[in-house]
Amino acid sequence: MFSLKKFAGYAIASVLTLGPTVVFAQTYITPSTPGWSFVTETPTGSGAFVNGPGVPPSGSPGSIQLTVGQPGGQAFLTAQYGGVRLDQIKGLSYNTYVVSSALPETASLQFDFQPGVPSTGYQGRAVFAPSLIPGAVTVGSWQTWNPMTQRAWWGTSSNNVRLLSTVCTQAAPCTFAEMLAAFPNSTVLSPGAFGFKVGNSNSAAVVSVDSFVIGTTGAAGPTTRYNFALADPIVARAATMIPALDSSALLLLAMLASLVGVFSLRKRF
């Protein structure tokens with residue numbers, strides 16, 4: 001069956017593979033998309049899909065927005081990357097817009113960490129926190145973060161020994177390469193969470209996130225760009241094309257269908 005959504009997706013993928021930037025597919029995450037969810041990890045917090053703010057970098061009309069009150073923690077998470085090896089991840093990037101924050105702070109990228117070596121108990125999360133880059137976070141504009149290269153990774157700690165936190169800390173954060181060098185067989189915990197979070201600090205904040213890029217099949221593999229929006233504009237545009245066909249276009253389609261039938265019949269006999 002012909003699918004306008006698949007057709008639009010293939011068209012976007014074809015366009016995005018041209019030129020020096022290798023982006024294989026563009027996917028819109030909307031409120032009805034399964035597999036992603038808002039999670040209030042520490043009261044108080046909330047999450048929503050919104051229009052704006054400003055012009056999101058993907059060109060889509062919206063973003064997800066995470067809101068927290070001190071000392072709340074609000075996340076937007078998926079479990080679809082559980083089990084992925086860190087040495088297969090490439091091209092990580094995402095964009096944030098700080099609507100308000102006194103610190104300021106912005107959304108971190110984080111995932112449940114499995115070190116790939118014998119360990120005891122839950123090993124916490126690997127957290128990429130742009131606020132650890134001195135003077136980097138600003139209020140009122142879209143900013144692009146590159147977790148593959150920027151030194152802002154740290155491991156959450158607790159009373160039990162969490163191995164990443166012994167290597168990468170908030171006081172001495174790591175690069176992705178350094179984290180991988182310390183734990184070459186590490187993975188995203190399976191099952192485990194992967195996504196964005198704002199909060200668990202001493203500041204109330206409102207932060208939007210959009211245009212998340214990730215590849216999970218190594219350096220030679222494709223990447224996917226996730227755009228967050230209230231609705232998928234590609235599907236909406238494709239749907240409007242159907243009633244726009246006039247009578248001559250419909251006649252042409254009918255003639256083509258007839259020709260296909262004739263050729264099929266001749267081939268059969």
Side-chain angles (χ1 to χ4, degrees), residues 27 29 33-42 45 47 64 66 68 72-94 96 106-132 145-170 172-201 209 212-219 221-226 228:
T27 298
I29 304 299
T33 303
W36 293 78
S37 59
F38 291 104
V39 179
T40 302
E41 296 193 326
T42 307
I64 59 161
L66 306 175
V68 295
Q74 182 69 27
F76 185 64
L77 304 171
T78 182
Q80 72 185 66
Y81 292 109
V84 170
R85 289 178 58 94
L86 266 61
D87 60 8
Q88 292 296 296
I89 293 177
K90 67 149 190 172
L92 279 177
S93 69
Y94 67 105
T96 64
T106 192
S108 62
L109 173 68
Q110 52 184 260
F111 58 86
D112 290 326
F113 183 77
Q114 175 53 255
V117 298
S119 56
T120 302
Y122 174 61
Q123 287 293 298
R125 285 183 181 170
V127 179
F128 174 82
S131 58
L132 297 182
W145 307 110
N146 297 290
M148 298 300 295
T149 59
Q150 292 175 304
R151 184 181 298 278
W153 286 98
W154 63 283
T156 59
S157 61
S158 71
N159 293 330
N160 67 297
V161 176
R162 293 182 176 177
L163 297 180
L164 183 58
S165 68
T166 66
V167 177
C168 306
T169 67
Q170 288 178 293
C174 296
T175 64
F176 189 90
E178 290 169 341
M179 181 169 61
L180 184 57
F183 302 97
N185 294 313
S186 55
T187 67
V188 179
L189 181 66
S190 181
F194 190 111
F196 305 96
K197 185 175 179 179
V198 172
N200 289 137
S201 64
V209 182
F212 165 48
V213 175
I214 184 172
T216 57
T217 55
T223 61
T224 299
R225 182 186 302 275
Y226 293 97
F228 305 125

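All values reported here derive from a predicted model rather than from experimental measurement.
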Heavy-atom closest pair, residues [X] and [Y]:
X	Y	result
Pro222	Thr217	CD-OG1, 3.2 Å
Ser108	Ala129	CB-CA, 4.2 Å
Val167	Ala182	CG1-CB, 4.0 Å
Val209	Ala107	CG2-CB, 3.6 Å
Ser165	Gly155	CB-O, 3.3 Å
Val68	Val198	CG1-O, 3.3 Å

Minimum side-chain heavy-atom gap [X]-[Y] below 4.5 Å:
X	Y	answer
Phe128	Phe176	no
Ile214	Tyr94	no
Asn160	Thr120	no
Val213	Tyr226	no

Open item on the list: Between Arg162 and Thr166, does the side chain to side chain donor-acceptor pair (under 3.5 Å) criterion hold? Intermediate values first, please.
Closed with: CA-CA 7 Å; Arg162 293 182 176 177; Thr166 66; over 6 Å; no

Are any side-chain N or O atoms of [X] and backbone N or O atoms of [Y], one a donor and one an acceptor, separated by less than 3.5 Å?
X	Y	result
Ser186	Gly116	no
Thr216	Ile89	no
Glu41	Lys197	no
Thr187	Gly83	no
Thr78	Gln80	yes
Glu178	Thr175	yes
Gln123	Leu163	yes
Tyr122	Asp112	no
Trp154	Ala172	no

Distance check, rounded to the nearest 0.5 Å: [X] atom [atom1] versus [Y] atom [atom2]?
X	Y	atom1	atom2	value
Thr42	Gln74	OG1	CD	9.5 Å
Met148	Trp153	CE	CH2	9.0 Å
Gln114	Ser119	CD	OG	5.0 Å
Leu109	Leu92	CG	CG	6.0 Å
Phe196	Phe212	CZ	CZ	4.5 Å
Ser157	Gln170	OG	CD	8.0 Å

Task: Trp36 and Phe76 aromatic ring geometry - parallel, tilted or perpendicular at 30°/60° bounds - done: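 If you compare the ring of Phe76 with that of Trp36, the planes turn out parallel.
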
Task: Aromatic plane relationship, Phe194 with Phe111 - under 30° parallel, 30 to 60° tilted, over 60° perpendicular - done: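 Because their plane-to-plane angle is under 30°, the rings of Phe111 and Phe194 count as parallel.
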
TODO: Applying side chain to side chain contact (heavy atoms under 4.5 Å, CB included), run through Phe183 and Leu164 and close with a yes or a no.
DONE: CA-CA 8 Å; Phe183 302 97; Leu164 183 58; 3.9 Å; yes

- [ ] Using the side chain to side chain contact (heavy atoms under 4.5 Å, CB included) rule, take Arg225 and Thr27 through it: C-alpha gap first, then chi angles, then the decisive distance, then the call.
- [x] CA-CA 6 Å; Arg225 182 186 302 275; Thr27 298; over 6 Å; no

- [ ] Would you please test Thr96 and Thr106 for side chain to side chain donor-acceptor pair (under 3.5 Å) and show each step?
- [x] CA-CA 7 Å; Thr96 64; Thr106 192; 2.8 Å; yes

